[in-house]
Amino acid sequence: MEKLLKGKPVADRIKANVKEQVKYLIEKGVKPKIKIVRVGEEDSDLAYEKSALKAMVDCGIEYEVLALPRDISQNDFIENLKSANIDPSVHGILVFRPLPKQIDENVIKNIISPEKDIDCFNPVNIGKVMEGDDTGFLPCTPAAVIEIIKYYDINISGKNAVIIGRSLVVGKPLSMMLLRKDATVTICHSKTKDLQNIAKDADLLVAAVGNANMIDSQYIKKGAVVIDVGINVDENGKIVGDVNTDDCMEKSSYITPVPRGVGSVTTSILALHVAKAALLTIGGRK
Ligand code: NAP
């Protein structure tokens, strides 16, 4: 039995759907477009930008990258963001985070227009995740996890889901999204006591920690589904997840690889959200 939950078929199906939406938009005279706002040249931002742009090109979505200097002031950053907010040719805005220290994300999150906020930065959209209100934008990475679960037809209703990591971009919103799918959700973090035993109770274990190969077979219940969100560089310069995939393979029923797992689905969700934002400008799809 194939145990690896590969991201590519999931991403391909999402992108096929986005292409249909883009075709419809263009028929209606709307050219969907993303604006990426990047400050500085962090390697992780550049890598994500490259794969995001590839997904946009695959789907026929236009793009623009606004590369700002690392030492830009908060006021100048805000002016740029406000210009993107009011630019009618821009449908979705992606701001790479974390922003440098001189720019306060707690200020910026309230400035990005909720209608263009395709990766759920604005509290309006975060609130909609809590409410289960589909008119907002889900954060792309947790949405990718949900799409993988859906694509591979994994039933999580009534199952124990354990998420390791409580960040606002992954762990917290994912907990709400799994709860909405009727899982019984536990969130763990760096202060959690007895993490191994809690993880061992999981039917679905999601690792979103940022600690290379931290999760080994000692954390896994036999037959568990393991989703590895982590993207780390190991001591040999190799991209690895938070889960030691080889060690967990035998005990798990399904496991996502890194690379070519969750990360490869995330950018197709981003494209889907640009199309959704563009559709909203013409009242949605008939
Ligand atoms: P983050 O903001 O640094 O959060 C990490 C979380 O892990 C925190 O809640 C932290 O707990 C917890 N943690 C750290 N060490 C722990 C330990 N030893 N035991 C238990 N919990 C621990 O990271 P993030 O932005 O959520 O990202 C997590 C990982 O996902 C990273 O590897 C990142 O590169 C990756 N990522 C992947 C994608 C994708 O598309 N696949 C997208 C985004 C992020 P505290 O809250 O107590 O500090």
Side-chain angles (χ1 to χ4, degrees), residues 4-8 10-11 14 36 38 42-55 94-99 105-106 109 118-121 126 129 137-149 162-178 185-202 205-216 218-220 226-235 237-245 255-273:
L4 278 183
L5 303 175
K6 291 183 184 144
K8 186 170 185 305
V10 188
I14 295 165
I36 292 178
R38 166 168 51 80
E42 290 293 323
D43 286 346
S44 55
D45 288 349
L46 293 173
Y48 188 52
E49 183 177 299
K50 193 172 159 204
S51 60
L53 295 187
K54 184 178 177 309
L94 175 68
V95 175
F96 281 130
R97 291 173 274 164
L99 289 162
E105 288 189 10
N106 284 322
K109 70 184 183 189
I118 50 174
D119 196 21
C120 197
F121 188 9
I126 295 170
V129 178
F137 293 97
L138 297 169
C140 293
T141 301
V145 172
I146 298 291
E147 287 302 319
I148 289 172
I149 289 168
V162 173
I163 305 169
I164 311 179
R166 58 174 164 180
S167 75
L168 207 49
V169 285
V170 189
K172 266 188 207 166
L174 181 60
S175 68
M176 287 299 125
M177 291 152 78
L178 291 174
V185 184
T186 305
I187 313 175
C188 302
H189 47 79
S190 66
K191 307 289 185 297
T192 297
K193 302 263 188 285
D194 207 9
L195 181 64
Q196 229 180 65
N197 271 327
I198 297 171
K200 254 186 155 160
D201 211 25
L205 180 66
V206 182
V209 181
N211 195 350
N213 295 319
M214 171 186 154
I215 305 299
D216 62 20
Q218 307 275 345
Y219 288 74
I220 311 284
V226 181
I227 308 269
D228 190 356
V229 176
I231 301 176
N232 314 289
V233 180
D234 74 2
E235 60 281 2
K238 219 178 113 196
I239 300 281
V240 297
D242 292 339
V243 177
N244 183 334
T245 317
I255 187 163
T256 59
V258 176
R260 289 184 284 281
V262 176
S264 50
V265 181
T266 304
T267 51
S268 62
I269 301 280
L270 193 66
L272 183 69
H273 288 181

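Numbering of ligands and ligand atoms starts at 1, following listing order. Quick note: numbers below take in every heavy atom, side chains included, and nothing from hydrogens, waters or symmetry partners.
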side-chain contact (heavy atoms from CB on, under 4.5 Å) partners of Val169, counting only residues at least two apart: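 Val169 satisfies side-chain contact (heavy atoms from CB on, under 4.5 Å) with Arg97, Ser167 only.
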Partners meeting side-chain contact (heavy atoms from CB on, under 4.5 Å) with Leu53 (sequence neighbours left out):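 In terms of side-chain contact (heavy atoms from CB on, under 4.5 Å), with neighbours along the sequence ignored, Leu53 is linked to Ile36, Glu49, Tyr63, Val65.
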Does any non-hydrogen side-chain atom of Tyr219 lie less than 4.5 Å from one of Val162?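 Contact flag for Val162/Tyr219 side chains = no.
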For Asp242, is there any backbone N or O sitting under 3.5 Å from a side-chain donor or acceptor partner on Asp228?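 Yes: the side chain of Asp228 pairs with the backbone of Asp242.
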By side-chain hydrogen bond (donor to acceptor under 3.5 Å, both in side chains), which residues pair with Asp43, not counting sequence neighbours?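 Scan of Asp43 (side-chain hydrogen bond (donor to acceptor under 3.5 Å, both in side chains), adjacent residues dropped) gives none.
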Show the protein residues that qualify under the rule heavy atom under 4.0 Å from an atom of ligand 1, listing them in chain and number order.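 Only Thr141, Ile164, Gly165, Arg166, Ser167, Val169, Val170, His189, Ser190, Leu195, Ala208, Val209, Gly210, Met214, Val229, Gly230, Ile231, Asn232, Val262, Gly263, Thr266 have heavy atoms that fall under 4.0 Å of ligand 1, ordered by chain and number.
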Inter-residue atom distance Ile255.CD1 - Leu4.CG, 0.5 Å rounding: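 So the gap between those two atoms works out to 7.5 Å.
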